[in-house]
Amino acid sequence: MTRIAFIGLGNMGLPMAKNLLKAGHDVVGFDLSDKQRAAFEEAGGRTAGSIAEAVREADVVITMLPAGEHVRTVYLGEDGVLAHAKEGALLIDSSTIDVETAREVAQQAAAKGHPMVDAPVSGGVAGAEAATLTFMVGGPDEAFAAARPILEKMGGRIIHAGGPGTGEAAKICNNMLLAISMIGTAEAFALARRLGLADDKFFEIASQSSGQCWSLTSYCPVPGPVPNAPSNRDYRPGFAAAMMLKDLRLAKETAESVGANTPLGHHAEELYAALADAGYGNLDFSAIFRRLNGEI
Ligand code: NAD
């Protein structure tokens, strides 16, 4: 039986760790929060009092942490994973972080003989609970092959993106594209309304025309055309605008660091920052429609 240490039992990590338990793995969880550790124990999991204790016996270490700084601390800190993991243990970081940190941590892991992949996810809390996440995985072939059977217990699609950091690159680029297409869709509806075109008619036409995209046909930002979209439940997330803003900031920093020209990505970041500053960061990211339509 594979022994797994799971560090970061938050909104995403807790249901992911529970799915590993359900699949019959021996999982030891660790989180700084007493509440999150207690929630994992309630689900039948074991918990540890420190990272060192959690990883000492583990064949696989999985992390699901807020941002790059936490990933650095947890892996590279004196009391961290690299200082205490078993020889050859496989390391999987599923946090959404910057590519540079992902590559640096992977390099230090490799220097200590640990295979490592960056494996950020798409699919949100619902996907984590239902074990239908998409994993975008960066790392050497052997590390990907070793990680795949574990990731399959938590996800539906497991895609090897390339070498270290390319999982994070895929996640950041995808979400930048998503933000831009959502803003475009929202702008088009706001203009269409002012031109006297009904929402359902514009939807019917655009979804069969060249404006068709996922933001329109699967996640429509106006209520009505796509019944299970957050727009039909007062924009309860879904995927919160604050989370989208985090990913757009990562995209902006990354683009600057490699000299990529992403003007619409920059503008999308400004629009989501304004939405969050106005106090709506907890709404679904499709609520950008309400902002562009002058409702909030
Ligand atoms: P969260 O804040 O709910 O959970 C993070 C957990 O990490 C917290 O419980 C926190 O106590 C713990 N933590 C922080 N520092 C720690 C440390 N040093 N040692 C141990 N535990 C520590 O965040 P989340 O929503 O679960 O997101 C986790 C990651 O997944 C983020 O990178 C996020 O961008 C990404 N993500 C989230 C979603 C989503 O819908 N929530 C979707 C896709 C990707």
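Counting convention: from 1, in listed order, for ligands and their atoms alike. Because only heavy atoms are used, hydrogens play no part in the values below, and waters and symmetry mates are left out as well, while side chains stay in.
A donor-acceptor pair under 3.5 Å is absent between the side-chain atoms of Lys171 and the main chain of Asp247, judged by distance alone. Looking only at distances, a side-chain donor or acceptor of Gln36 sits under 3.5 Å from a matching main-chain atom of Leu9. At least one donor-acceptor pair closer than 3.5 Å links the side chain of Asn19 to the backbone N or O of Ala128. Formation of a donor-acceptor pair under 3.5 Å by the Ser94 side chain with backbone atoms of Ala119 is found in this model.
Contact annotation for atom 34 (O) of ligand 1: protein present (non-hydrogen atoms, distance under 4.0 Å).
For ligand 1, the atoms sitting less than 4.0 Å from at least one non-hydrogen atom of Phe30 are 19 (N), 20 (C), numbered in the order shown with element in parentheses. Annotation for ligand 1: atoms under 4.0 Å from non-hydrogen atoms of Ser95 are 32 (O). Taking every non-hydrogen atom of Lys246 and a distance limit under 4.0 Å, the qualifying atoms of ligand 1 come out as 31 (C), 32 (O), 33 (C), 34 (O). Atoms of ligand 1 lying under 4.0 Å from at least one heavy atom of Gly8, given by number and element, are 7 (O). Here is the list of ligand 1 atoms found below 4.0 Å of a heavy atom in Ile7: 20 (C).
Other residues, nucleotides and ligands contribute over 12 non-hydrogen atoms within 6.0 Å of the CZ atom of Arg233. For Asn282, the CG atom counts as densely surrounded, since its 6.0 Å shell holds more than 12 non-hydrogen atoms of other residues, nucleotides or ligands. Heavy-atom contacts from other residues, nucleotides or ligands closer than 6.0 Å to CD of Glu295 number more than 12.
Distance check: Asp93 CG to His70 NE2 gives 12.0 Å after rounding to the nearest 0.5 Å. Atom OG1 of Thr63 is separated from atom CZ of Phe30 by 13.0 Å, given to the nearest 0.5 angstrom. The distance from atom CZ of Phe6 to atom OG1 of Thr47, rounded to the nearest 0.5 Å, is 14.5 Å.
When only interatomic distances are considered, the shortest N/O to N/O separation between Asp31 and ligand 1 falls below 3.5 Å. Ligand 1 has no N or O atom lying under 3.5 Å from any N or O atom of Gln36, backbone or side chain. At under 3.5 Å, not a single nitrogen or oxygen of Lys171, backbone or side chain, sits near a nitrogen or oxygen of ligand 1. Among the atoms of Asp247, none of the N or O lies under 3.5 angstrom from an N or O of ligand 1. Residue Gly238 has no N or O atom closer than 3.5 Å to an N or O atom of ligand 1.
Within the 4.0 Å heavy-atom criterion, neither part of Ile97 lies near ligand 1. When non-hydrogen atoms are compared, ligand 1 lies under 4.0 Å from the side chain of His70 (C-beta onward) but not from its backbone.
Between Phe144 and His160, the ring-plane angle classifies as parallel under the 30° and 60° cut-offs.
Looking from atom 4 (O) of ligand 1 to the surrounding protein, the closest heavy atom is Gly10 CA, 3.3 Å. Closest protein heavy atom to atom 30 (O) of ligand 1: Met64 CE, 3.1 Å. Among protein heavy atoms, atom 44 (C) of ligand 1 sits closest to Thr96 OG1, 3.7 Å. Ranking the protein heavy atoms by distance from atom 16 (C) of ligand 1 puts Leu32 CD1, 3.5 Å first. For atom 25 (O) of ligand 1, the closest non-hydrogen atom of the protein is Asn11 CB, 3.6 Å. At the top of the distance list for atom 40 (O) of ligand 1, counting protein heavy atoms only, stands Gly124 CA, 3.6 Å. The closest protein non-hydrogen atom to atom 27 (O) of ligand 1 is Met12 CG, 3.9 Å. In terms of protein heavy atoms, atom 37 (C) of ligand 1 is closest to Met243 CE, 3.2 Å.
The closest non-hydrogen atom to atom 7 (O) of ligand 1, taken over Ser50, Gly127, Pro66, Pro120, comes from Pro66. With distances taken over non-hydrogen atoms, the option nearest atom 13 (N) of ligand 1 out of Leu250, Leu65, Val74 is Leu65.
Contact check on Arg103 versus Glu168 returns no salt bridge, with no Lys/Arg side-chain nitrogen under 4.0 Å from an Asp/Glu carboxylate oxygen. Taking 4.0 Å as the cut-off between side-chain N and carboxylate O, Glu253 and Arg249 do not count as a salt-bridged pair.
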Quiz item: Which is it for Asp284 and Tyr219 under the side chain to side chain donor-acceptor pair (under 3.5 Å) test, yes or no, and what are the steps along the way?
Solution: CA-CA 11 Å; Asp284 185 77; Tyr219 214 85; 2.7 Å; yes

